[in-house]
Amino acid sequence: MIPHSLPTLGREELSAVSEVISSGCIAQGKKVEEFERQFSQFIGLRRTAAVNSGTSALHLALIALDVKAGDEVVVPDIVCTALLNAINYIGATPVIADINGDDYNLSYNDVKRRSTKKTKAIILPHMFGTPSRETERFKDMGIPVIEDCAQSVGGKIRGRNAGTIGDISIFSFYATKVFTTGEGGMLASDSDDLIDKVVNLREYDNKDDYTTRYNYKMTDIQGAMGIEQLKKLPEFISKRRRIAEYYHMVLNDLPVKLPMFSSEVEGIYYRYVICSDLAQELIGFLRSNGIGAAKPVFKQLHKFAGLQKGNYPVADNVWRDSVSLPIYPKLSDAEVEEIAKSTRFFFR
Ligand SMILES: *Cc1c(COP(=O)(O)O)cnc(C)c1O
């Protein structure tokens, strides 16, 4: 089976990690600091703080923005449950909004409709590697924006890096994300106030005052991996773009909707999502031919029991019709050709 996703790891990560282990200093230390510094340079924001997951980064971002129990936080219907978890950790209320039918990102018009005086933050995930072209409009609403770049690190919005427009941004380095430290996350912002709060919440020991803090630290083993992976990120992204262009060329004349190639944003093709009314059959066909096609998200958020009822017409259609084809730097040319050929064969 060609897996749906795989990390790309090499000798560089192996020797960086074994160097840390030999040193005996394996907790958060110099390597994490160096990773934070290099990530800050890469993204173009003054301040960064590494943590142990993207979910932890979201949790700390919400606290730093002073979101409290009972406040509302907006999220899209098509995203993983990590966002709900972070909101529920602080007892806030998720407000689920619909998405756009073209870029599959949070819909500005629907957020306007559903936000209230109690809305204290918007979590804006740049989904599937395509940054939201509406990021500036969300920012202009006057509600704090957390840019969730877990799937879009390295993407651009009208020339600006994804993650540099909102108030604070978060990243995930989980094993199957764009680059990885196994588990891991990062917060980034130009605001000293926000990142100082995050760092204070992360370091619980040796403090004069007591407040509830969170042991969300990244280890130097992960930091060392992060440094090596970040060096390879430009190469990872160009490989993803090459595969996306190939799929685009080969699948162009099929009766499917291909991902948007927009002039306003530069995507990194974390996922290659196609839409077809034969989605379920296509996934079954590809899987029986050894290709790990999948739904791009497990389930729409509003479909989890007990969550918001209401109308999500665009998300409903996108979820029903979507198929995520394998796309990652480790795929060989032969595998990429096989995936495209099998997809064509299904529609013959
Ligand atoms: C993976 C992901 C997260 C959560 O990151 P973890 O490191 O797995 O906690 C948050 N948001 C989005 C959009 C993601 O894809």
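None of the values given here were measured: they were computed from a predicted structure. The residues of the chain are indexed from 1 along the displayed sequence. Whatever order the structure lists them in is the order used to number ligands and atoms, beginning at 1.
The shortest separation from a heavy atom of Leu83 to ligand 1 is under 4.0 Å, placing the residue in contact. Ligand 1 lies less than 4.0 angstrom from a heavy atom belonging to Lys177. Residue contacts with ligand 1: Gly185 is excluded, as none of its non-hydrogen atoms falls under 4.0 Å.
For ligand 1, the atoms sitting less than 4.0 Å from at least one non-hydrogen atom of Gln151 are 15 (O), numbered in the order shown with element in parentheses. Shown in contact with Ser53 at under 4.0 Å from a heavy atom are these atoms of ligand 1, numbered in order with element: 7 (O), 9 (O). Atoms of ligand 1 found under 4.0 Å from any heavy atom of Gly54, numbered from 1 in the order shown, are 5 (O), 6 (P), 7 (O), 9 (O).
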Would you please test Met218 and Phe173 for side chain to side chain contact (heavy atoms under 4.5 Å, CB included) and show each step? CA-CA 11 Å; Met218 177 182 270; Phe173 311 126; 4.1 Å; yes

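With respect to Tyr269, the ring pair (Phe, Tyr, Trp, His ring centres under 6.0 Å) criterion is satisfied by exactly one of Phe261, Tyr247, Tyr328, Tyr246: Phe261.
Listed for the Gln151 side chain is a donor-acceptor partner under 3.5 Å among the backbone atoms of Phe128.
A salt bridge between Arg133 and Asp102 is present, with a side-chain N of the basic residue lying under 4.0 Å from a carboxylate O of the acidic one. Taking the charged nitrogens against the carboxylate oxygens, Asp192 and Arg47 do have a contact shorter than 4.0 Å, which makes a salt bridge. Remark: Glu36 engages Arg202 in a salt bridge, criterion side-chain N to carboxylate O under 4.0 Å.
Taking the six-membered ring where the residue is Trp, Phe345 and Phe285 present parallel rings, their angle staying beneath 30° rather than reaching 60°.
No N or O atom of Leu58 sits closer than 3.5 Å to an N or O atom of ligand 1. Ligand 1 has an N or O atom lying under 3.5 Å from an N or O atom of Thr55, backbone or side chain.
Here the heavy atom of the protein found nearest to atom 4 (C) of ligand 1 is Ala82 CB, 3.6 Å. Given atom 10 (C) of ligand 1, the protein heavy atom at minimum distance is Asp148 OD2, 3.5 Å.
Ser40 and Leu45 make their closest contact through OG-O, 2.5 Å (heavy atoms, listed as atom of the first residue, atom of the second, distance).
At a heavy-atom cutoff of 4.0 Å, ligand 1 is contacted by no atom of Ser56, backbone or side chain.
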